[in-house]
**Student:** 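Please see the structure below; I have some questions.
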Amino acid sequence: SHSWCPAPLCRGRALPAPPPGPACVVGRPLRWSSSFSQPGPTESDPSEGQVFLSKSCVKRLLEITEGSEFLRLQVEGGGCSGFQYKFSLDTVINPDDRQGQSGGARVVVDVDSLAFVKGSMVDFSQELIRSSFQVVSNPQAEKGCSCGTSFSVKF
């Protein structure tokens with residue numbers, strides 16, 4: 001039973017490709033830190049690995065966050081297109097987290113997820129039947145699904 005990629009397979013590539021067939025990380029948070037994070041602080045190029053917040057996202061975050069709370073964006077294996085976005089409110093910053101802020105609202109993405117969402121915009125969409133945070137215009141995504149929570153990656 002392949003519940004995880006064998007380590008040598010995933011090493012030394014910027015974005016490990018899942019093997020053909022079912023994804024090897026279904027339903028688990030993506031943790032590939034050994035593959036492409038260098039030891040020590042990796043504050044290299046500020047434009048590399050940035051996530052942008054729309055005005056409606058900033059406005060909504062300022063309404064719902066208190067104190068040290070921020071929006072956490074994670075990418076997990078699963079969903080109808082191979083990967084899915086997961087949003088949550090959090091207060092704990094981990095060593096591999098990267099933070100961004102806009103207008104007082106903060107978003108935090110772990111370095112592994114950041115590889116899948118860098119250059120994206122986080123938006124807050126309010127529709128008649130639901131309101132949700134969404135990742136829009138993700139340059140790393142090849143195709144998304146209509147629900148807006150799932151996507152596949154360009155290789």
Side-chain angles (χ1 to χ4, degrees), residues 1-38 42 48-54 56-58 60-61 63-65 68-102 105-155:
S1 64
H2 294 295
S3 61
W4 197 242
C5 311
L9 205 84
C10 291
R11 238 166 252 280
R13 290 191 213 162
L15 210 67
C24 59
V25 288
V26 173
R28 296 197 187 182
L30 296 170
R31 281 272 162 250
W32 282 320
S33 47
S34 62
S35 314
F36 58 86
S37 62
Q38 287 78 33
T42 50
E48 178 216 54
Q50 222 177 354
V51 174
F52 305 96
L53 305 181
S54 72
S56 62
C57 174
V58 170
R60 183 60 180 154
L61 276 177
E63 289 168 2
I64 62 173
T65 53
S68 59
E69 276 185 328
F70 52 80
L71 182 71
R72 176 176 292 285
L73 166 57
Q74 289 170 288
V75 174
E76 295 184 340
C80 44
S81 305
F83 295 95
Q84 59 192 1
Y85 303 115
K86 183 183 171 198
F87 291 99
S88 56
L89 290 180
D90 200 351
T91 55
V92 180
I93 302 277
N94 301 315
D96 67 340
D97 282 337
R98 297 290 173 265
Q99 307 182 54
Q101 56 181 320
S102 173
R106 290 195 302 158
V107 64
V108 169
V109 186
D110 65 88
V111 86
D112 304 327
S113 298
L114 192 56
F116 295 96
V117 295
K118 59 188 176 188
S120 304
M121 168 83 72
V122 179
D123 187 30
F124 179 71
S125 147
Q126 206 150 13
E127 295 159 23
L128 204 57
I129 52 168
R130 67 172 188 157
S131 55
S132 61
F133 289 104
Q134 292 180 339
V135 174
V136 293
S137 60
N138 181 354
Q140 316 308 318
E142 191 163 52
K143 58 174 192 286
C145 64
S146 57
C147 58
T149 59
S150 179
F151 68 103
S152 61
V153 175
K154 289 177 188 164
F155 288 115

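Everything numeric here is computed off the predicted structure, so don't read it as measured data.
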**Student:** State, with a plain yes or no, whether a side-chain heavy atom of Asp110 is found less than 4.5 Å away from one of Asn94.
**Tutor:** no

**Student:** State the CG-CZ distance between Leu71 and Phe87, to the nearest 0.5 angstrom.
**Tutor:** 6.0 Å

**Student:** Mind checking the CD-CG spacing from Gln50 to Leu114? Nearest 0.5 Å is all I need.
**Tutor:** 9.5 Å

**Student:** Please report the shortest heavy-atom distance between Val122 and Cys57, naming the atom on each side.
**Tutor:** O-CB, 3.4 Å

**Student:** Report the residues that fulfil side-chain hydrogen bond (donor to acceptor under 3.5 Å, both in side chains) with Glu63, sequence neighbours left out, ordered by chain and then residue number.
**Tutor:** Lys59, Arg60

**Student:** How far does CG of Leu73 sit from NZ of Lys86, to the nearest 0.5 angstrom?
**Tutor:** 11.0 Å

**Student:** Identify the heavy atoms of Val117 and Gln140 that sit nearest to each other, and give their distance.
**Tutor:** N-CG, 4.1 Å

**Student:** Please report the interatomic distance OG(Ser125) to CZ(Arg130), rounded to the nearest 0.5 Å.
**Tutor:** 6.5 Å

**Student:** For a 4.5 angstrom cut-off between non-hydrogen side-chain atoms, does Ser120 reach Ser137?
**Tutor:** no

**Student:** Sequence neighbours left out, what passes ring pair (Phe, Tyr, Trp, His ring centres under 6.0 Å) with Phe124? Give chain and number order.
**Tutor:** Phe133

**Student:** Quick one: pull up CD in Gln84 and CD in Gln74 and give me the separation to the nearest 0.5 Å.
**Tutor:** 11.0 Å

**Student:** Taking only residues two or more places apart in sequence or in another chain, which ones pass side-chain hydrogen bond (donor to acceptor under 3.5 Å, both in side chains) with Asp90?
**Tutor:** Arg72

**Student:** Under the side-chain hydrogen bond (donor to acceptor under 3.5 Å, both in side chains) test, which residues partner Thr65, sequence neighbours left out?
**Tutor:** none

**Student:** Compare every heavy atom of Ser56 with every heavy atom of Asp123, then report the nearest pair and how far apart it is.
**Tutor:** OD1-OG, 2.7 Å

**Student:** What are the two closest non-hydrogen atoms of Ser102 and Leu53, and how far apart are they?
**Tutor:** CB-CD1, 4.0 Å

**Student:** Between atom OH of Tyr85 and atom OG of Ser113, what is the distance when rounded to the nearest 0.5 Å?
**Tutor:** 11.0 Å

**Student:** Return the set of residues passing side-chain hydrogen bond (donor to acceptor under 3.5 Å, both in side chains) with Gln99 (not counting sequence neighbours), or none when no residue passes.
**Tutor:** Arg106

**Student:** Just so I know, are the side chains of Phe70 and Val107 near enough to count as touching, which here means a heavy-atom distance under 4.5 Å?
**Tutor:** no

**Student:** Please name the pair of heavy atoms, one in Met121 and one in Ser54, separated by the smallest distance, quoted to 0.1 Å.
**Tutor:** SD-N, 3.3 Å

